[in-house]
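To start, the structure itself, in structure tokens.
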2 protein chains.
Amino acid sequence: MSGRAVTITEVARHAGVAVSTVSYVLSGKRAISADTRRRVLDSVRTLGYHPNAGARALASRRANVIALVLPLRAGMHVPVLMQFATSVVTAARQYDHDVLLLTADEGPDGIRRAAASALVDGLVLMDVELHDTRVPLLRDLAEPSVLIGFPADTSGLTCVDLDFARAGALCVEHLAQHGHREVALLGAPAVVYERGTGFARRTWEGFTEAAAAHGLTGVALPCEETFEQVAAVVGELLDTRPDLTALVVHNEAAVNHVLGALRQHGRRVPQDIAVVAICPDDIAERSSPALTSVLIPAEEVGRQAVRLLMDKLEGRTVPEGTLLQPRLTVRDSTAASGR
Amino acid sequence: MSGRAVTITEVARHAGVAVSTVSYVLSGKRAISADTRRRVLDSVRTLGYHPNAGARALASRRANVIALVLPLRAGMHVPVLMQFATSVVTAARQYDHDVLLLTADEGPDGIRRAAASALVDGLVLMDVELHDTRVPLLRDLAEPSVLIGFPADTSGLTCVDLDFARAGALCVEHLAQHGHREVALLGAPAVVYERGTGFARRTWEGFTEAAAAHGLTGVALPCEETFEQVAAVVGELLDTRPDLTALVVHNEAAVNHVLGALRQHGRRVPQDIAVVAICPDDIAERSSPALTSVLIPAEEVGRQAVRLLMDKLEGRTVPEGTLLQPRLTVRDSTAASGR
DNA sequence: CCCCGTTGTCGAAGCGCTTCGACGCTCTCA
DNA sequence: TGAGAGCGTCGAAGCGCTTCGACAACGGGG
């Protein structure tokens with residue numbers, strides 16, 4: 001490597017054409033004869049030319065970079081966040097864009113800075129709360145943005161997420177079909193609900209409503225993440241609700257503790273009690289027994305977010321809300337349950 | 001927001017000075033009278049001026065962006081990765097740089113592209129293997145880079161990491177002090193060792209050598225991450241080694257399974273068996289009992305990596321290897337052990 | 001009192017690219 | 001056979017910024 005980088009001027013000289021011709025070959029924005037194209041591409045290859053990103057951004061007013069705004073707050077399950085992040089990067093690359101990582105600790109200023117300096121063409125925000133302080137900012141930003149998660153008021157925005165209400169309901173329906181009459185939801189830590197995190201609340205509501213609709217007794221509880229606290233909640237539940245035969249767990253970090261607590265209390269899964277989780281597949285598969293679960297389709301959500309953002313960048317109009325339908329995978333933690 | 005962005009020309013006009021003067025006020029590269037400086041800064045503020053990143057990069061040949069190259073491979077503990085990532089972003093912002101996220105699935109080409117296009121000024125690579133294919137590329141890249149983790153041959157590179165050998169030894173020493181005579185290491189999944197992941201191997205070696213040095217019987221085993229597999233290994237260990245009184249666990253995902261397995265086998269921690277973990281503090285604290293642990297100082301490593309990169313960007317020479325000293329925090333999983 | 005070194009400011013030349021308008025060809029159709 | 005319509009290519013004008021050299025204005029030392 002070393003030395004100065006190859007410029008488009010050198011490529012043009014090497015191929016014996018004008019600079020603009022090289023540019024058109026590379027962008028495909030004007031017709032170019034097959035012969036010229038071949039010669040230019042040859043020169044590009046032999047010289048090892050890479051267009052200068054800054055110059056390109058300056059001249060075209062497009063940086064070909066999008067921002068990914070990560071939160072990092074208590075109670076968020078990090079591996080899922082990471083899945084979102086990597087799928088956003090991968091999807092962005094498919095549209096020939098790169099991804100700039102912005103964290104929450106710079107606050108709204110960071111977003112404004114990146115947008116105003118034309119560092120990025122658009123934004124993807126993760127883990128949006130019901131009353132997110134970043135939302136007003138997005139509304140009057142010139143750059144388009146897409147939210148992963150739904151704030152309370154989605155007007156003027158573009159949001160994508162799994163349909164968590166449906167996910168909660170799906171778990172209940174599955175259990176109802178298997179004859180369970182009394183079920184419990186173990187959710188996120190209390191702080192997550194208090195903060196107004198949409199997906200946690202919506203699961204809760206979906207669970208509660210579906211239980212009512214199917215005539216089940218359903219109780220929903222927040223759930224902390226240390227073994228001791230989980231064991232306490234589980235113990236309490238088992239003691240006070242003798243007819244309880246199924247648990248829905250919507251808390252990645254607590255899933256294994258729940259199973260451990262049940263083991264400790266001498267309950268077998270699924271013979272004594274059924275368990276359904278809402279979590280990534282790898283967690284469900286790695287538990288013992290393997291858990292029937294509704295997976296968080298992080299990869300799909302990330303891809304959709306990028307697709308929507310690209311549509312907006314092209315000037316196409318996109319729907320305000322996009323809800324991905326959950327699917328339930330039956331594994332060993334409910335299968336044998338024939339009561 | 002909306003409309004076209006404010007340019008330096010408009011600021012200059014508004015403040016009644018030349019464009020270059022505005023530039024010098026902002027960069028501080030030439031002396032400017034207090035009065036002029038104030039007027040310019042006022043204009044900047046009232047107009048809401050943000051320098052265009054592309055133009056700046058083009059003219060100054062510095063993008064003020066660094067790349068963070070993430071792997072994503074089996075057996076890596078994601079939350080730790082995420083800690084690295086966020087600390088790199090935070091540290092970079094302190095040097096007025098942004099972070100571009102590159103993933104491994106584009107391979108070395110992604111690195112080359114980002115560097116050659118002047119999208120980034122330098123690179124931080126995470127989770128480097130002993131024989132990493134990206135390393136030769138880095139050696140002949142014009143852009144400086146810093147590795148988190150040590151490859152087998154570090155010549156011509158800059159590497160930072162926790163001193164894992166020392167971490168393994170520290171655990172042994174702590175246990176030796178508490179009178180333990182036979183100890184076991186439960187490490188990463190076998191695939192991680194086979195792949196040649198430096199930090200896993202170095203912990204193993206540090207553990208083994210320290211055990212020998214202190215006259216302890218020490219056995220080291222890889223450890224998979226499902227509860228069943230962990231329980232099997234733990235069961236086997238307890239059965240075949242009746243004198244075993246302490247476990248060192250270097251596997252974030254398996255830690256809780258180990259505790260669960262010990263519970264299942266009726267062993268109390270720390271009365272019957274002591275446990276030391278090498279893992280982030282939050283995991284150690286959230287376990288029950290809270291674990292004596294050597295923490296992975298992810299935040300410190302990320303910060304150092306950025307500092308080293310900035311030094312290289314400034315043309316300063318930096319050491320090839322930087323090893324961070326581990327510290328052991330005593331908690332409940334070894335404290336009461338008085339044997 | 002003259003010369004020279006400072007200090008503060010300006011103008012202009014790029015940085016490497018995209019894109020617009022122009023222009024010379026070659027075809028086609030009347 | 002000549003006008004008009006593409007097609008393929010070129011030159012030049014920026015995009016918004018940094019940085020270099022120039023140059024007033026001012027003071028201090030000989």
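Atom set for the values below is all heavy atoms of this structure, side chains included, hydrogens, waters and symmetry mates excluded.
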Name each donor-acceptor pair under 3.5 Å that joins a side chain in residues 22-32 of chain B to protein atoms two or more places apart or in another chain, with its distance.
| residue | atom | partner | partner atom | Å |
| --- | --- | --- | --- | --- |
| B:Ser27 | OG | B:Ser23 | O | 3.2 |
| B:Ser27 | OG | B:Lys29 | N | 3.3 |

Counting only pairs under 3.5 Å, give me each side-chain donor-acceptor contact of residues 296-306 of chain B, with atom names and distances, residues two or more places apart or in other chains.
| residue | atom | partner | partner atom | Å |
| --- | --- | --- | --- | --- |
| B:Glu299 | OE2 | B:Arg303 | NH1 | 3.0 |
| B:Glu300 | OE1 | B:Arg303 | NH2 | 2.3 |
| B:Glu300 | OE2 | B:Gln304 | NE2 | 3.0 |
| B:Gln304 | OE1 | B:Arg307 | NE | 3.2 |
| B:Gln304 | OE1 | B:Arg307 | NH2 | 2.7 |

Distance-only criterion, 3.5 Å: show the donor-acceptor pairs between side-chain atoms of residues 63-70 of chain A and protein atoms not counting sequence neighbours.
| residue | atom | partner | partner atom | Å |
| --- | --- | --- | --- | --- |
| A:Asn64 | ND2 | A:Asp96 | O | 3.2 |

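Here B:Met126 contributes atom CE and B:Leu102 contributes atom CG; the two are 13.0 Å apart, rounded to the nearest 0.5 Å. Here the CG atom belonging to A:Leu162 is positioned 10.5 Å from the CZ atom belonging to A:Phe199, to the nearest 0.5 angstrom. With values rounded to the nearest 0.5 angstrom, A:Glu10 atom CD is found 7.0 Å from A:Leu47 atom CG.
For the pair A:Asn64 CG and C:dC17 P, the computed distance is 14 Å after rounding to whole Å. Rounded to whole Å, atom P of C:dC15 lies 9 Å from atom CG of B:Leu58. The separation between B:Asn52 atom CG and D:dC17 atom P is 6 Å, rounded to whole Å. Rounding to whole angstrom units, CZ of residue A:Arg38 and C1' of D:dG8 are separated by 16 Å. Nucleotide C:dC20 holds its P atom 12 Å from the CZ atom of A:Arg61, rounded to whole Å.
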Give me the distances for all protein-to-nucleotides 23-25 of chain D N/O pairs that come in under 3.5 Å?
none

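OP1 or OP2 of C:dT19 lies within a sub-4.0 Å distance of a side-chain N or O belonging to A:Lys29.
Summary of helix geometry: the two end axes of the helix from C:dC1-D:dG30 to C:dA30-D:dT1, each defined by five base pairs via their C1' atoms, are inclined to each other by 50° (rounded to 10°).
The salt bridge (Lys or Arg N to Asp or Glu O under 4.0 Å) test with A:Glu106 singles out one residue from A:Arg113, A:Arg134, A:Arg112, and that residue is A:Arg113. Across A:Leu147, A:Leu324, A:Val318, a single residue satisfies side-chain contact (heavy atoms from CB on, under 4.5 Å) together with A:Val160, and that is A:Leu324.
Using a 4.0 Å cutoff on non-hydrogen atoms, the parts of residues 40-49 of chain B near DNA chain D are B:Tyr49, ordered by number.
Taking the salt bridge (Lys or Arg N to Asp or Glu O under 4.0 Å) definition, one finds that B:Arg38 meets it with B:Asp35, B:Asp42, sequence neighbours left out. Under the rule for a salt bridge (Lys or Arg N to Asp or Glu O under 4.0 Å), the partners of A:Arg62 that lie at least two apart in sequence or sit in another chain are A:Asp121, A:Glu314. Residues that satisfy the side chain to side chain contact (heavy atoms under 4.5 Å, CB included) test with A:Ala115, not counting sequence neighbours, are A:Leu141, A:Glu143. With sequence neighbours excluded, no residue satisfies side chain to side chain contact (heavy atoms under 4.5 Å, CB included) with B:Arg61. For B:Glu320, the salt bridge (Lys or Arg N to Asp or Glu O under 4.0 Å) criterion is met by no residue, not counting sequence neighbours.
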Whether each nucleotide of nucleotides 4-12 of chain C has a protein heavy atom under 4.0 Å at its base (B), only at its sugar-phosphate (S) or at neither (-) is summarised, 5' to 3', as ----SBBBB
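Among the atoms of the strands shown, only primed sugar atoms or phosphate atoms (P, OP1, OP2) are found under 4.0 Å from some heavy atom of B:Ser60.
Candidate nucleotides C:dT19, D:dT19, D:dC17 were compared by shortest atom distance to the side chain of B:Ala55, and D:dC17 ranks first.
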